[in-house]
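To start, the structure itself, in structure tokens.
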Amino acid sequence: MGRGTVWKGINMKRGQWQRAAWQFGRLLTVGLGLLAPEALAQCPHFSSLQARIQLVAATTGWASSANIIQGQRFRVGALKNGTNDLAAREYVLLKVTGPNGYEVNPPVNGVFVDAPYAGTYQLTAKCIDGSLAATASVTATATTPGTPAQRPNLRAIGIRPGIELYKGNQAQIDAWDRESLKKVAEAGAVATHLGFSWEDIQPNSRTQPYDWTGAEAQYAAALERGLLPFVFTGNTPHWALPAGSTFPHRSPPDEQYAADFEYFFRELSARFCNRVRYYEFWNEPNGCSWVNDHCSNGQQAQAERYADWLKRWYVAMKEGCPDVVLSTGGLDCNGPSTGATGCSQYIDWIYNRIGGEYFDAISIHPYGPKEPQSGNDPYLNIPGIENVRQVMVERNQGWKKIWADEWGYNTRDETLKSLMVGRALDWFEDPAHDYVFQARYLTVQDTGETPVDHNFGLMDIDATVSPPVLTARTSYPTYRTHVLGAGVTVIPLANALMESHTSSQYGALGYWGPNGGWANHLEYPRPANQNLGKVFGYYSAGLSETVGQLLTGHRFQLGKTYVFKSWAHGGGDNTGVVPYQIGFVGTDGNQFTWVTLQTNLVAVGNTWFETAGVSFTVPSGSPAIGRQIMVRLGKGTDGGMGDIWFDNLSLTVR
């Protein structure tokens, strides 16, 4: 599709949604879900109520029926009085039913829901007193055969954030984080974790303005490295703790600060809307990071208290941004201590307390022995994972995903650690376990403290200098080889993630050309875009357009194999052919002297997926030897067809 023919979507007006969310928040009762009598009486004052579907995050464009693709998300809303205005969530009930027993009761009006199965989904909206009701429907067609509706983010590595060692020195914090995330990306990871702690953003008083400096710096560093962020939220500021509580990670706020809690998380979600999609609430609430001493939080009473605050957090975050995906806090599922049922029992208690409507995913830490002694030790708490999964299936929510949010090995035996890393990655990457959406190794580096208190890291780190020095251990190349392949080196492409442009939407691409434009994933949702960033590129492959990049600092070497690939999609009509090409330029620095070395045609369809791209091995006597490398997406005469969308391009050499 040419730059001038892309659909003219409508941006979500985040400020309007945010102001509405704040207004809704003021109506909340302390119990969150206990409705005042006047709320029950207001719904009959509506002249009408409409159930509507929306396929873009906009304030207009609602419809009573729609067609989507399996794996795509759609927005559901109860509109009042024949307008595009959402009814306040206190007055209406929403229910979505679909194929294979799929059922969702969104607690917030105007949010996105998933369509994991092909078939018809019906939305029912009604007044809470039953006086008005309406329905709408969505039909999801099956994805193109052979392409995934959802590819898990199984390659993630966490970092020990700089704020834990350099609190108060933002320059040192940023240097630490940037260097750590650089190594995460170089290992081939596609995702990492960030920490947006309430304690750090509003530490001193309820009247203190939020300080987003640290959160924005973390986000910028992850974006720079091309890493999809999964964000931790939690930790109560000292001023909001109950009397007698002294640790931010050990208590929710005092009840008198519940409204501050909700307001903060609406603000957080709204600020990073369209930038961060994945969040979790708290860390190991069933272990050492909740209300009881001695890591004794695995009982029903503690689970129920956590569930009550999870519910408040979920509603506030969804009001701030309707497209976020929200997970429970990572549960401590250390095999030797919690066994096979510790985490599944905790999840069952959450279901019993608040149902399954207040989390979109379940996050767990499925450690085997944290200090393995031999290769015969379990590399993961697999029974723990499977039992959590079984609870979700029994609750008819098998379509939801598990995040294996933390796993690793506390040992200096690098041979053993490498063995364990490889086995765990093999298990996660088995298609039989595709219900695991994210798997994050802990961690890219040790703490840097003296003495070092753990040896999980894939790297040694010298924290006495800034930026810190990171030295790879044997397990780091093992992880990298498993992900990228033996002997593979990444050749950096400018703006490979399509996130950096100086033009407005539908304008020219940054660092790529001579043709093509860019658009926002949120406005043109397709299955599996959750694995990508905010922006994608597009061009008309069936015409004379090409999109390429000349790498002036890299030249072809004899015997080396180069692979150029990307994620791709069939564009507005959900079909097309992409000519992936590798070549060189006859005149240094001049992309218009392009010479083709290899072309591979790839058919794309109605869901995003990572293609095989094109590969070229430089033979003896090749005219490419010593020439500047250029890669591109070719035109119609190269075999291209249709409007093509592309994202996350890469070039590697072996």
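Not measured: the values here are computed from a predicted model.
For Asn283 (side chain) and Phe232 (main-chain N/O), no donor-acceptor pair under 3.5 Å exists by modelled atom type. At distances below 3.5 Å, not a single donor-acceptor pair connects side-chain atoms of Asp332 with backbone N or O atoms of Thr338.
Using cut-offs of 30° and 60° for the angle between ring planes, the Trp198 and Phe264 rings count as parallel.
Two residues are said to be in side-chain contact when any heavy atoms from C-beta on lie closer than 4.5 Å; Leu470 and Gln445 meet this criterion. Inter-residue side-chain proximity for Tyr580 and Phe646 is flagged as unmet; no heavy-atom pair is nearer than 4.5 Å. With a 4.5 Å cut-off on side-chain heavy atoms, Arg526 and Trp645 count as touching.
Using a 4.0 Å cut-off between charged nitrogen and carboxylate oxygen, Lys400 and Asp114 do not count as a salt-bridge pair. Taking 4.0 Å as the cut-off between side-chain N and carboxylate O, Glu186 and Lys183 count as a salt-bridged pair. A salt bridge links Glu224 with Arg178: at least one charged nitrogen is closer than 4.0 Å to a carboxylate oxygen. Classification of Arg473 and Asp446 as a salt-bridged pair holds, one side-chain N sitting under 4.0 Å from a carboxylate O. With respect to the salt-bridge test (charged N to carboxylate O, under 4.0 angstrom), the residues Arg275 and Glu216 qualify.
Of the residues listed (Tyr441, Tyr379, Phe456), the one engaging Trp407 in a ring pair (Phe, Tyr, Trp, His ring centres under 6.0 Å) is Tyr441, and it is the only one. Paired with Phe281 under the rule ring pair (Phe, Tyr, Trp, His ring centres under 6.0 Å), one option of Tyr306, Trp290, Phe196, Trp309 passes, and it is Tyr306. Residue Tyr278 is tested with Gln530, Gln438, His193 for a side chain to side chain contact (heavy atoms under 4.5 Å, CB included); the sole match is Gln530.
A cation-pi arrangement is absent between Arg312 and Phe261, since the terminal nitrogen or guanidinium carbon is not both under 6.0 Å from the aromatic centre and inside a 45° cone about the axis. A cation-pi arrangement is found for Lys370 relative to Tyr367, the charged atom lying closer than 6.0 Å to the ring centre and inside a 45° cone about the ring normal.
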Could you check Tyr102 against Trp399 for side chain to side chain contact (heavy atoms under 4.5 Å, CB included), going step by step and ending with a plain yes or no? CA-CA 8 Å; Tyr102 178 92; Trp399 52 272; 3.4 Å; yes
Test log, rule salt bridge (Lys or Arg N to Asp or Glu O under 4.0 Å), inputs Asp360 and Lys318: CA-CA 11 Å; Asp360 304 320; Lys318 290 286 185 175; 3.0 Å; yes
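Tyr538 and Trp518 have their aromatic ring centers separated by at least 6.0 angstrom.
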